[in-house]
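Both backbone and side-chain heavy atoms feed into the values below; hydrogens, waters and symmetry mates do not. Order of appearance sets the numbers: ligands from 1, and atoms from 1 within every ligand.
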Amino acid sequence: MPNLEGKVAIVTGAGRGIGREHALALARAGASVVVNDLGATLTGEGADETPAQQVVAEIESFGGAAVADGENVGDFAGAERMVRRAVDTFGRLDILINNAGITRDRMLVNMSEEEWDAVIAVHLKGHFAPMRHAAAYWRERSKTGDEVRARMINTSSPSGVFGNVGQANYGAAKAGIAGLTLIAAQELARYGVTVNCLAPNARTRMTEAAFGEIPKPDDGFDAMDPANMSPIVVALCADEAQHVTGQCFFVYGGAVNVLRGWDAGDLFARDERWDADEFLAELVERFPDGAAPDGMVAMMARAGGRSARLGASGATT
Ligand SMILES: NC(=O)c1ccc[n+]([C@@H]2O[C@H](COP(=O)([O-])OP(=O)(O)OC[C@H]3O[C@@H](n4cnc5c(N)ncnc54)[C@H](O)[C@@H]3O)[C@@H](O)[C@H]2O)c1
């Protein structure tokens, strides 16, 4: 395992699910960890510091260093306090893992304004706010002459990069996070910060609420174990990964696919403005069978190299 001793990490939404596994894995690799979790319900209501405190206790039980943090990641000032907590408690910050999330699934035609706003706030603003404050901290360190080797790892989703029916709010936020990752990677390279994102697949309360119980295999490899995501995070945090940035890692069991999204596509080029009739004719000729998204499940199967049947051998949100 890469040695992360001396490094300090924040993991948001680390009280349970995938974030908990990231926090445990980073601590086992030697990092000191700020275990952030609001302790909200799956739909984002309420607050409870117990899950974050339990993860801190687990880390301390194997000799690691951790502190609990109950800030709401979608609160700009709260995110600043979280970054400051890392620096005040452990003296520095090297790694920011943005993972906290909620779901309020609904078909677009029925979605309320509140359902839209709540999900965008936790995911998209909940990535922007910690990234913004951590970036300012690292820029400051870089300006004072420190050699910064910092990491941001964001959490997108197959729902965002492939587009899942019934998740307009969540998928839009997750697509936004993939876009934010691309921009931040380019802006922050000059300060020594890499920015990547995950598109995970795991058995957590989030996927079980969406797809029902996801059974564990009686023996053999459990492709839906949330701990399957964390080695990728630990590897990206190693100093040797300094030149890997702006990438989106789809992870499903033992399949890790570095996705290529919004690539240069089908060019319709001429040296003058298109006439609408001519463009339509060209469109029909180039796409005789039409053009439409393949959908998340089909794309997941292609990305993971095998069929991911919801509820049985795999599920995703
Ligand atoms: N489980 C999957 O298959 C899957 C797939 C794609 C993406 N994701 C993403 O992975 C991340 C982790 O999800 P999970 O499946 O572990 O879900 P989870 O519900 O088990 O964990 C999410 C955690 O985030 C915390 N949280 C919620 N709102 C918060 C806020 N405003 N501030 C701080 N903490 C907050 C919750 O209290 C919870 O502990 C999420 O971003 C999710 O969208 C999960």
Atoms in ligand 1 with a heavy atom of Asn36 nearer than 4.0 Å
33 (C), 34 (N)
For Asn99, counting its heavy atoms only, list the atoms of ligand 1 lying under 4.0 Å from any of them.
10 (O), 11 (C), 12 (C), 40 (C), 41 (O)
Any N or O of Gly15 closer than 3.5 Å to N or O of ligand 1:
no
Backbone or side-chain N or O of Asn72 under 3.5 Å from ligand 1 N or O
yes
Within a radius of less than 6.0 Å around CZ of Arg273, do more than 12 heavy atoms belonging to other residues, nucleotides or ligands occur?
no
Under 3.5 Å: N/O of Ala202 near N/O of ligand 1
yes
Compute whether any side-chain donor of one residue and acceptor of the other, for Glu114 and Ser112, lie under 3.5 angstrom apart.
no
Ile18, any N or O under 3.5 Å of ligand 1 N or O:
yes
Going by heavy atoms in the side chains, are Arg20 and Glu58 under 4.5 Å from each other?
yes
For Ala173 and His123, the nearest pair of non-hydrogen atoms, with its separation, is CB-CB, 3.7 Å
Compare all side-chain heavy atoms of Leu180 with those of Met131 and state whether any distance is below 4.5 angstrom.
yes
Any N/O pair Ala40/ligand 1 closer than 3.5 Å:
yes
Nitrogen or oxygen of Lys174 less than 3.5 angstrom from that of ligand 1:
yes
Kindly confirm or rule out an N or O of Ser157 lying under 3.5 angstrom from an N or O of ligand 1.
no
State whether Tyr191 and Arg141 meet the cation-pi test: NZ (Lys) or CZ (Arg) under 6.0 Å from the six-membered ring centroid, and within 45° of the perpendicular axis.
no
Does NZ or CZ of Arg132 fall inside the cone over Phe76's six-membered ring, less than 6.0 Å from its centre and within 45° of the axis?
no
